[in-house]
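Note sheet for the following structure.
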Amino acid sequence: MHVIIVGGGVIGLGIAWRSLARGVQVTVVDPEPASQASRVAAGMLTPVTEANYGEDALLRLGITSRDRYPSFVAELEEVSGRDTAYRRDGTLQVALDADDLAVLEELRRFQESLGLTAETLTGRECRRREPMLAPSARGGLFAPDDGSVDPRRLSAALLAAVDRLGGTLIRDRAAEVLTDRDRAVGVRLAGGDAVHADQVVLAAGPWSHELKGLPPDAVPPVRPVKGQVVRLRAPFPFLSGTVRGLVRGSSVYLVPRADGELVIGATQEEMGYDTTVTAGGVWELLRDAHELVPGVTELAFAEVTAGLRPGSPDNAPVLGPSALPGLLLATGHFRNGILLTPVTADAMADTIATGETPEVIRPFAPGRFRD
Ligand code: FAD
């Protein structure tokens, strides 16, 4: 069994590694692996605070994936010899006013109804946990099972694992899916060469719908959703875990890393494929972060980046066999692609190796949009 994976972000690389581990021959095609959303992302592993009401199936998938993270990264770090900066130190959702407190109370009830652990904290308890928080913090909700990972280190570890297990990486763009008797049989590269395989997986983020040669009902319904992120650098551990808050109705988060990096995100903009970083975006992020944690403005400015989330019509990923036999889709992970990497990688690798789609990803089949 030989599979071509188009796209080497966390999703394509995750599937590549797990497929190699199942004895499948793998070729990844990407002009610049891990250069897009997977490089920009903050790396929060927070299924509940990211889910909207009504997205129950997505929430369950997120929780499953979050709970697989410890064993996924342990195995990956061993195979690759690289650290992923995974930490399971919880998320503190902070309320700054009475309206926020009401939102938090609703969130707490929602979490409780799902049987999830969440601790309600007073403003003082929040500050005891995170001394850098604004004195105006009125209360908070602490989700101890959440965590974070550094997506850049995760991607580098996945690339190393794919290499160690004998995967092939072709640094070119796939321009077209090749078909023979109504079945995907490979891809044509932008450079003109054809590469053949038994199956093709499209994991090219918001570009997944651009390849030529696809029948209309096999084209994934993905679009780019721009997000800007600011990276600061602290000389000491600035926060003990991820802090999130609502400031004037807009959500802001701060994700600390052990090496002193602090990631502040993220804007959400429907701007097509534009990835310009704007003064307004940076201002909005720093303004909101400063209200939650005033000391951020003392830190060194490291970087600002913009990336494109692969959005789908229902905010959930598009996973599994497409309408074109031999072509599988793994895209549309929107705001949760880092979180969903373990569950996507395992379920897609099982589908590739056995031809059977595991139960856990069936609600996310590409066919759900056809009607
Ligand atoms: P990408 O990382 O975009 O990778 C797609 C790859 O396909 C790229 O390497 C590209 O070069 C390649 N490609 C494109 N076209 C072709 C082609 N024709 N041929 C070959 N290769 C091609 N998720 C979380 O879980 N937690 C977070 O905290 C989080 N924060 C985020 C913050 C921001 C600002 C953004 C933008 C995203 C965030 N996300 C987060 C979402 C997450 O980054 C994405 O869902 C995830 O990275 C998607 O991974 P991917 O591999 O599908 O896409």
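Counting starts at 1 for both ligands and their atoms, following the listed order.
Nearest protein neighbour of atom 19 (N) of ligand 1, counting heavy atoms only, is Ala174 N, 2.9 Å. Distance from atom 41 (C) of ligand 1 to its nearest protein heavy atom, with residue and atom name: Phe334 O, 3.1 Å. Here the heavy atom of the protein found nearest to atom 4 (O) of ligand 1 is Gly9 CA, 3.5 Å. Ranking protein heavy atoms by distance to atom 15 (N) of ligand 1, first place goes to Trp207 CB, 3.5 Å. Nearest to atom 50 (P) of ligand 1 among the protein's heavy atoms is Ile11 CG1, 3.8 Å. Taking atom 46 (C) of ligand 1 as the reference point, the nearest protein heavy-atom neighbour is Gly337 CA, 3.8 Å. At the top of the distance list for atom 53 (O) of ligand 1, counting protein heavy atoms only, stands Gly205 CA, 3.8 Å. Atom 13 (N) of ligand 1 has Ala204 CB, 3.9 Å as its closest protein atom, hydrogens excluded (heavy atom only).
Residue Ala330 has no nitrogen or oxygen atom sitting less than 3.5 Å from a nitrogen or oxygen atom of ligand 1, judged on distance alone. Of the polar atoms of Ile338, at least one N or O is found under 3.5 Å from an N or O of ligand 1, judged by distance alone. Checked against a 3.5 angstrom limit, the closest N/O atoms of Arg335 and ligand 1 fall inside it. Polar contact check, Val229 against ligand 1: no nitrogen or oxygen pair lies under 3.5 Å apart. Taking distance alone, with nitrogen or oxygen atoms compared against 3.5 Å, Asp30 approaches ligand 1 more closely than that limit. Annotation: Leu308 places no N or O atom under 3.5 Å from an N or O atom of ligand 1; distance criterion only. Not one N or O of Val225 is nearer than 3.5 Å to an N or O of ligand 1, by distance alone. In terms of polar-atom proximity, Met44 is counted as a contact of ligand 1, with an N or O under 3.5 Å from an N or O of the ligand. For Val40, no nitrogen or oxygen atom sits less than 3.5 Å from a nitrogen or oxygen atom of ligand 1, counting backbone and side chain alike.
Ligand 1 lies less than 4.0 angstrom from a heavy atom belonging to Ala34. The closest approach between any non-hydrogen atom of Thr331 and ligand 1 is not below 4.0 Å.
Remark: ligand 1 atoms within the under-4.0 Å shell around heavy atoms of Tyr253 are 30 (N), 32 (C). Proximity to Asn336 (heavy-atom distance under 4.0 Å) selects the following atoms of ligand 1: 23 (N), 24 (C), 25 (O). Under a 4.0 Å criterion applied to the non-hydrogen atoms of Gln36, ligand 1 contributes the atoms 3 (O), 8 (C), 10 (C). Here is the list of ligand 1 atoms found below 4.0 Å of a heavy atom in Pro31: 20 (C), 21 (N). Atoms of ligand 1 lying under 4.0 Å from any heavy atom of Glu32, numbered from 1 in the order shown and given with element: 9 (O), 11 (O). Those atoms of ligand 1 with a heavy atom of Gly43 less than 4.0 angstrom away are 27 (C), 28 (O). In the vicinity of Val29, heavy-atom distances shorter than 4.0 Å reach the ligand 1 atoms 20 (C), 21 (N). For ligand 1, the atoms sitting less than 4.0 Å from at least one non-hydrogen atom of Val6 are 19 (N), 20 (C), numbered in the order shown with element in parentheses.
Residues Tyr253 and Thr46 have side chains not in contact (no heavy-atom distance under 4.5 Å, counting atoms from C-beta outward). Between His333 and Leu319 there is a side-chain heavy-atom pair separated by less than 4.5 Å. For the pair Leu202/Thr331, no side-chain contact is recorded, criterion being any heavy-atom separation below 4.5 Å from C-beta on.
At a threshold of 4.0 Å, the pair Arg287-Glu291 does not count as salt-bridged, since none of the basic side-chain nitrogens sits closer than that to a carboxylate oxygen. The existence of a salt bridge linking Arg18 and Asp350 is excluded, since no basic side-chain nitrogen approaches an acidic carboxylate oxygen closer than 4.0 Å. The pair Arg109-Glu105 meets the salt-bridge criterion, since a charged nitrogen lies less than 4.0 angstrom from a carboxylate oxygen.
The residue among Ser38, Gly227, Ser35, Pro33 with a heavy atom at the shortest distance from atom 1 (P) of ligand 1 is Ser38. When the options Ala41, Gly12, Ala42 are ranked by their closest heavy atom to atom 38 (C) of ligand 1, first place goes to Ala41. Between atom 25 (O) of ligand 1 and the options Leu340, Thr344, Leu339, the minimum heavy-atom separation is to Leu339. The option with the heavy atom closest to atom 17 (C) of ligand 1, from among Gln228, His333, Arg173, Arg309, is Arg173.
Rounding to the nearest 0.5 Å gives a distance of 7.0 Å between CG of Leu308 and CD of Gln36. Atoms OG and CG, on Ser312 and Leu329 in that order, are 11.5 Å from each other to the nearest 0.5 Å. Of the inter-residue distances, the one linking Leu92 atom CG with Cys126 atom SG reads 4.5 Å to the nearest 0.5 angstrom. Going from atom CG of Asp100 over to atom CZ of Arg138 covers 9.0 Å, rounded to the nearest 0.5 Å. Summarising the geometry, atom CD belonging to Glu284 is positioned 8.0 Å from atom OG1 belonging to Thr278; distances are rounded to the nearest 0.5 Å.
Contact annotation for Pro310 and ligand 1: only side-chain heavy atoms (C-beta onward) come within less than 4.0 Å of the ligand. Contacts between Glu210 and ligand 1 below 4.0 angstrom, taking non-hydrogen atoms only, are absent altogether. Neither the backbone nor the side chain of Arg39 has a heavy atom within less than 4.0 Å of ligand 1.
A cation-pi geometry, defined here as NZ or CZ lying under 6.0 Å from the six-membered ring centre and within 45° of its normal, does not hold between Arg88 and Tyr69.
Taking a 6.0 Å sphere around CD of Glu32, one finds it holds 12 or fewer heavy atoms contributed by other residues, nucleotides or ligands. Within 6.0 Å of CG in Asp180 there are more than 12 heavy atoms belonging to other residues, nucleotides or ligands.
The cluster map of Ile, Leu, Val, Met, Phe, Trp and Tyr, joined by side-chain heavy atoms under 4.5 Å apart, puts Val229 and Leu232 in different clusters. Residues Ile361 and Val201 share a hydrophobic cluster, clusters being chains of Ile/Leu/Val/Met/Phe/Trp/Tyr side chains in contact below 4.5 Å. Cluster membership check: Leu169 shares its hydrophobic cluster with Ile352, using side-chain heavy-atom separations under 4.5 Å among Ile, Leu, Val, Met, Phe, Trp and Tyr.
A distance-only check finds a donor-acceptor pair linking the side chain of Ser322 to the backbone of Leu324 [under 3.5 Å].
Ring pair Tyr273/Trp207 is tilted by interplanar angle, where 30° to 60° counts as tilted.
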